[in-house]
Undergrad: 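I have a structure I would like to understand better, so I am pasting it below and will then ask my questions one at a time.
In the text below, chain A, chain B and the rest are named by the order of the sequence lines, each starting its count at 1. All heavy atoms count here, side chains included; hydrogens, waters and symmetry mates do not. Quick caveat: nothing in here was measured; it's all calculated off a predicted structure.
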Amino acid sequence: MPQPQLPVEAPSMSKEEEVEFYRRRRGRNIGMLVVLIALVVIFFFITIAKLTTPGP
Amino acid sequence: MSDLMRRGATAPLAVSPLHATTDWSELRDWFALLKPRVMTLVVFSGLVGLLVAPGHIHPVLGAVAILCIAVGAGAAGCINMWYERDIDALMRRTARRPMAAGRIAPEAGLAYGVILAGLSVALMGLATNWAAAGWLLGSILFYVLIYTVWLKRRTPQNIVIGGAAGAFPPIIGWVAVTGHLDVLPLILFAIVFAWTPPHFWSLSLWAHEDYERAGVPMLPVVAGARETRRQIMLYTVVLAPLGLLPTLLGLAGWVYGVYAISLGAGFLFHAWRVLREPQDATGVSLVRDAAARAAFRFSLLHLAGLLGALTLDHWLRTTGIL
């Protein structure tokens with residue numbers, strides 16, 4: 001007789017782990033936002049510099 | 001299983017992300033993966049290459065070029081930490097690195113390094129020229145493939161050949177301005193190349209236990225402290241005249257020449273002290289490697305002084321003061 005399949009449980013997080021998870025994710029998200037803004041600013045200024053520099 | 005896990009996306013959050021305080025420690029880890037302390041020297045030598053090059057570069061593009069050199073070097077350091085996380089965990093000096101300590105997943109660290117490497121090369125090409133981008137890519141590949149993967153665990157000459165990786169920034173800075181290679185950046189490459197072995201071997205004289213534990217064949221581990229002292233002296237003897245070469249070839253003035261003679265003589269003095277330090281029959285210091293520690297500190301001053309003097313000399317001559 002086939003054995004009944006037990007449901008596979010997802011790994012659990014305690015309340016402390018959840019707090020830690022959100023604190024770390026928030027830091028990571030802010031870091032990513034800063035990098036993306038920096039890239040936009042860099043590309044903007046590269047474009048302006050290239051446009052105002054006489055070519056070869 | 002927690003309530004959050006059981007009910008999936010529909011579960012009311014036990015902790016609102018909006019009210020969670022921010023944990024910056026992970027961001028600090030991501031930054032530490034770029035080896036910021038090594039980056040300082042890379043940025044400085046790249047900046048010198050850029051400043052002493054003939055011609056003009058828009059300040060914004062020059063700043064972006066330096067940023068690319070820094071990020072490229074950081075990316076190479078990050079991939080190096082990914083590859084060496086097993087031996088890093090065995091050494092006291094490196095055991096707390098993010099991947100070695102398990103705070104950042106290895107695959108995430110590798111992806112971060114590869115993405116930053118690609119981004120820095122592409123940005124360098126777009127901002128300056130593709131020759132500089134090619135040199136930057138070459139330096140990253142050299143550090144990762146030649147030094148990290150091929151040499152470091154195989155030969156006590158790892159530092160000698162691998163030192164070339166750290167010698168590329170002046171070339172990259174120069175090519176970013178001019179678009180081509182010349183004699184002076186090649187001499188700067190040679191100076192940093194010859195400077196690296198006595199600099200690292202001075203450090204490894206007192207940090208060799210770490211390398212021994214990790215099985216890295218650094219010179220003091222394989223050939224002993226006595227031979228390491230001799231090699232430090234030999235490379236410093238080569239380095240001193242190399243430092244003077246820009247003045248001898250007419251590529252720099254007497255201001256730089258005076259600095260080169262003084263700093264070269266200073267490094268020779270320190271190398272001599274390392275060689276003659278009170279030691280036992282195998283060359284192990286009897287005075288806690290005081291001379292090697294002093295030589296290591298002086299080596300940092302030596303290279304920074306030499307590169308700074310070259311920039312000062314260039315500025316004095318181009319502004320007509322001299």
Undergrad: Could you check if a side-chain atom of Val52(B) sits within less than 4.5 angstrom of a side-chain atom of Asp313(B), using non-hydrogen atoms only?
TA: no
Undergrad: Answer with side chain, backbone, both or neither: which region of Leu67(B) has an atom nearer than 4.5 Å to a non-hydrogen atom of chain A?
TA: side chain
Undergrad: Of the options Leu145(B), Val144(B), Val149(B), which is the one that meets Ile79(B) in a side-chain contact (heavy atoms from CB on, under 4.5 Å)?
TA: Val144(B)
Undergrad: Where does Thr47(A) contact chain B at under 4.5 Å (heavy atoms): side chain, backbone, both or neither?
TA: neither
Undergrad: Counting C-beta onward and ignoring hydrogens, is there a side-chain heavy-atom pair between Val71(B) and Leu123(B) closer than 4.5 Å?
TA: no
Undergrad: Does any backbone or side-chain atom of Ile48(A) lie under 4.5 Å from a heavy atom of chain B? Answer side chain, backbone, both or neither.
TA: neither
Undergrad: When the ring planes of Trp135(B) and Phe168(B) are compared, do they come out parallel, tilted or perpendicular, using 30° and 60° as the limits?
TA: tilted
Undergrad: For residues 30-37 of chain A, give me every residue with a non-hydrogen atom less than 4.5 Å from any non-hydrogen atom of chain B.
TA: Ile30(A), Gly31(A)
Undergrad: Going by heavy atoms in the side chains, are Lys35(B) and Met81(B) under 4.5 Å from each other?
TA: yes
Undergrad: Could you check Val42(B), Thr40(B), Val48(B) and say which one makes a side-chain contact (heavy atoms from CB on, under 4.5 Å) with Phe44(B)?
TA: Val48(B)
Undergrad: Go through the atoms of Phe43(A) and report whether side chain, backbone, both or neither lie under 4.5 Å from a heavy atom of chain B.
TA: side chain
Undergrad: Answer with side chain, backbone, both or neither: which region of Ile42(A) has an atom nearer than 4.5 Å to a non-hydrogen atom of chain B?
TA: side chain
Undergrad: Which one of Lys50(A), Glu17(A), Arg24(A) has the most heavy-atom pairs closer than 4.5 Å to chain B?
TA: Arg24(A)
Undergrad: Nearest 0.5 Å please: distance from the CD atom of Glu26(B) over to the CZ atom of Arg25(A).
TA: 12.0 Å
Undergrad: So, taking the atom named CD1 in Ile171(B) and the one named CG in Leu181(B), what distance separates them when rounded to the nearest 0.5 Å?
TA: 5.5 Å
Undergrad: Starting at CG of Asp29(B), measure out to CD1 of Ile104(B) and round the result to the nearest 0.5 Å.
TA: 5.0 Å
